Amino acid sequence: QRPHTAPRVLMPAHCGHICAASVRTLCKSAAQAAHSPQPVAESWHNTHRFEPALCRHQESIPMQNPAKNVYLIHGWAANHHIFDDLIPRLPADWRIHAPDLPGHGAAPFDGTFDVAAAADALAAQIDEPACILGWSLGGQVALYLAARHPEKVRALCLTASFARFQAAPDYPEGLSNPALAKMVAFFGQDYHKYMKQFLQLQFLYAKDQQPILEKILPDIVKHGAPAALQAALDAVAAADARAFLPQIAAPALLIFGGKDSITPPRMGEYLHRHLPHSELHLIEKAAHAPFLTHAAQFAAWLADFFNRC
């Protein structure tokens with residue numbers, strides 16, 4: 001990776017290794033039906049490029065540098081510092097915004113958390129069509145943003161995320177017995193200890209990358225346990241983006257980990273079947289944080305995708 005100076009990071013008002021041993025990539029053309037994707041086994045450097053038609057719907061947007069405006073949305077129980085290692089790996093000329101969701105990090109909390117409201121608050125900050133990366137809960141916020149404010153979203157990257165978190169009779173892709181509820185008490189008891197343990201589990205199959213964890217952990221935990229832990233988890237259980245996935249016109253890059261037990265690959269495959277313009281990458285040895293454990297590959301995919309949209 002070429003060296004470059006750190007990008008200029010804009011912190012808006014709060015709204016709230018290198019490659020895997022095996023990677024599967026699934027791509028769809030704009031004309032292909034949004035179901036029954038055919039997996040292709042291949043090495044990371046031979047991944048399919050999605051059809052240019054996937055970005056064609058955006059050509060009328062009067063924006064000279066489409067990938068300059070980028071938002072990174074963190075997941076439940078974390079904050080924007082989770083992206084501290086990723087940001088310097090991205091193109092130096094991007095304008096990168098990394099807000100905290102309500103009740104996370106330094107963001108204020110009014111006692112309630114709602115995924116749609118978080119998306120609306122984020123949309124109010126976006127002054128020109130943006131490329132949105134959302135991790136886990138942040139990915140669901142990004143889906144609501146793209147559905148409710150399509151004029152604000154040029155492209156999406158959803159990593160280790162979901163349309164709906166919990167299983168339902170018509171949604172076997174979800175989790176039947178999510179274990180995150182147990183983490184609320186643990187985080188409240190000793191946020192530093194249990195956040196470190198949680199992140200260490202993500203590096204289980206990429207132990208050579210653990211220095212990244214040591215680098216970012218102090219800033220992640222310095223604000224203490226998020227005030228919105230329980231409220232945000234309740235919001236995750238209630239939110240359901242499935243109905244509006246087919247109406248999301250923005251091209252979407254989906255990056256999932258083969259070892260992820262929180263958002264298993266089947267959740268990414270569901271998104272790929274129902275988002276009309278999507279590209280799915282599966283990193284076999286990644287867990288719930290591919291942008292940390294396989295940082296160089298993740299950054300390369302993200303830069304390539306956003307610069308094509």
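Owing to the predicted nature of the structure, the values given are computational and were not obtained by experimental measurement.
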Within a strict 4.5 Å, meaning less than it, do heavy atoms of the [X] and [Y] side chains meet?
X      : Y      : answer
His97  : Val70  : no
Leu275 : Leu254 : yes
Met195 : Ile220 : yes
Pro251 : Cys309 : yes
His81  : Val221 : no
Leu156 : Ile248 : yes
Leu292 : Ile82  : yes
His288 : Phe198 : yes

For this session: Determine, step by step, whether Asp84 and Lys215 satisfy the salt bridge (charged side-chain N to carboxylate O under 4.0 Å, His left out) criterion, reporting the C-alpha distance in whole Å, the side-chain angles of both residues, the deciding distance to 0.1 Å, and the verdict.
Result: CA-CA 9 Å; Asp84 283 358; Lys215 179 173 68 175; over 6 Å; no
Can you confirm whether or not the ring centre of [X] sits under 6.0 Å from the ring centre of [Y]?
X      : Y      : result
Trp76  : His104 : no
Tyr144 : Phe244 : yes
Phe162 : Tyr270 : no

Minimal non-hydrogen separation, [X] against [Y], with atom names:
X      : Y      : value
Ile262 : Leu175 : O-CD1, 3.2 Å
Arg89  : Ala299 : CB-CB, 3.7 Å
Ala163 : Leu245 : CB-CD1, 3.8 Å
Arg164 : Tyr171 : O-OH, 2.8 Å
Ala249 : His277 : O-CD2, 3.1 Å
His149 : Ala119 : CD2-O, 4.3 Å

For this session: Quick one: sort the Phe306 and Trp94 rings into parallel, tilted or perpendicular, breaks at 30° and 60°.
Result: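 Ring orientation, 0 to 90° scale: tilted.
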Do the side chain of [X] and the main chain of [Y] share a donor and acceptor less than 3.5 angstrom apart?
X      : Y      : value
Arg266 : Glu173 : yes
Lys285 : Tyr205 : no
Ser278 : His272 : yes
Asp304 : Ala300 : no

Exercise. Taking NZ, NE, NH1 and NH2 as the nitrogens, is one of them in Glu128 or Arg95 under 4.0 Å from a carboxylate oxygen of the other?
Worked result: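 Yes, Glu128 and Arg95 are salt-bridged.
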Exercise. Going through the checks in order, is the side-chain contact (heavy atoms from CB on, under 4.5 Å) test met by Asp127 and Asn69?
Worked result: CA-CA 9 Å; Asp127 57 359; Asn69 200 30; 3.9 Å; yes
Starting at [atom1] of [X], measure out to [atom2] of [Y] and round the result to the nearest 0.5 Å.
X      : Y      : atom1 : atom2 : value
Leu143 : Arg242 : CG    : CZ    : 13.0 Å
His74  : Ser136 : NE2   : OG    : 11.0 Å
Phe187 : Lys182 : CZ    : NZ    : 14.0 Å
Leu213 : Lys207 : CG    : NZ    : 13.0 Å
Glu284 : Leu282 : CD    : CG    : 4.5 Å
Leu72  : Thr159 : CG    : OG1   : 12.0 Å

Exercise. Per the side-chain contact (heavy atoms from CB on, under 4.5 Å) rule, which among Asp234, Leu233, Leu101 passes with Phe113?
Worked result: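 For Phe113, the side-chain contact (heavy atoms from CB on, under 4.5 Å) test succeeds with only one of Asp234, Leu233, Leu101, which is Leu101.
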Seminar exercise, completed: Applied to residues 244-265, the salt bridge (Lys or Arg N to Asp or Glu O under 4.0 Å) test, sequence neighbours excluded, yields none
Problem set entry | All pairs passing salt bridge (Lys or Arg N to Asp or Glu O under 4.0 Å) where residues 102-124 contributes a residue, at least two apart | Asp120-Arg148
For this session: Evaluate the side-chain contact (heavy atoms from CB on, under 4.5 Å) criterion for residues Ile255 and Cys157: first the C-alpha distance (whole Å), next the side-chain angles of each, then the deciding distance (0.1 Å), finally the verdict.
Result: CA-CA 8 Å; Ile255 303 178; Cys157 175; 4.2 Å; yes
For this session: May I ask you to check whether His80 and Asp100 show a side-chain donor-acceptor distance below 3.5 Å?
Result: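 His80 vs Asp100: donor-acceptor pair found between side chains.
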Exercise. Under 6.0 Å from the CG atom of Asp170, do we count more than 12 heavy atoms belonging to anything else shown?
Worked result: yes
Seminar exercise, completed: Of Phe291, Tyr71, Phe298, the one forming a ring pair (Phe, Tyr, Trp, His ring centres under 6.0 Å) with Phe83 is Phe291
Exercise. Are Leu217 and Leu199 close enough, and set up right, to give a side-chain contact (heavy atoms from CB on, under 4.5 Å), and what steps lead you there?
Worked result: CA-CA 9 Å; Leu217 183 63; Leu199 291 175; 4.2 Å; yes
Problem set entry | Same apolar cluster (I L V M F W Y, side chains within < 4.5 Å links), Leu137/Leu201 |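 Result: no, two separate clusters.
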Problem set entry | Test log, rule side-chain contact (heavy atoms from CB on, under 4.5 Å), inputs Ile283 and Thr293 | CA-CA 10 Å; Ile283 304 177; Thr293 59; over 6 Å; no
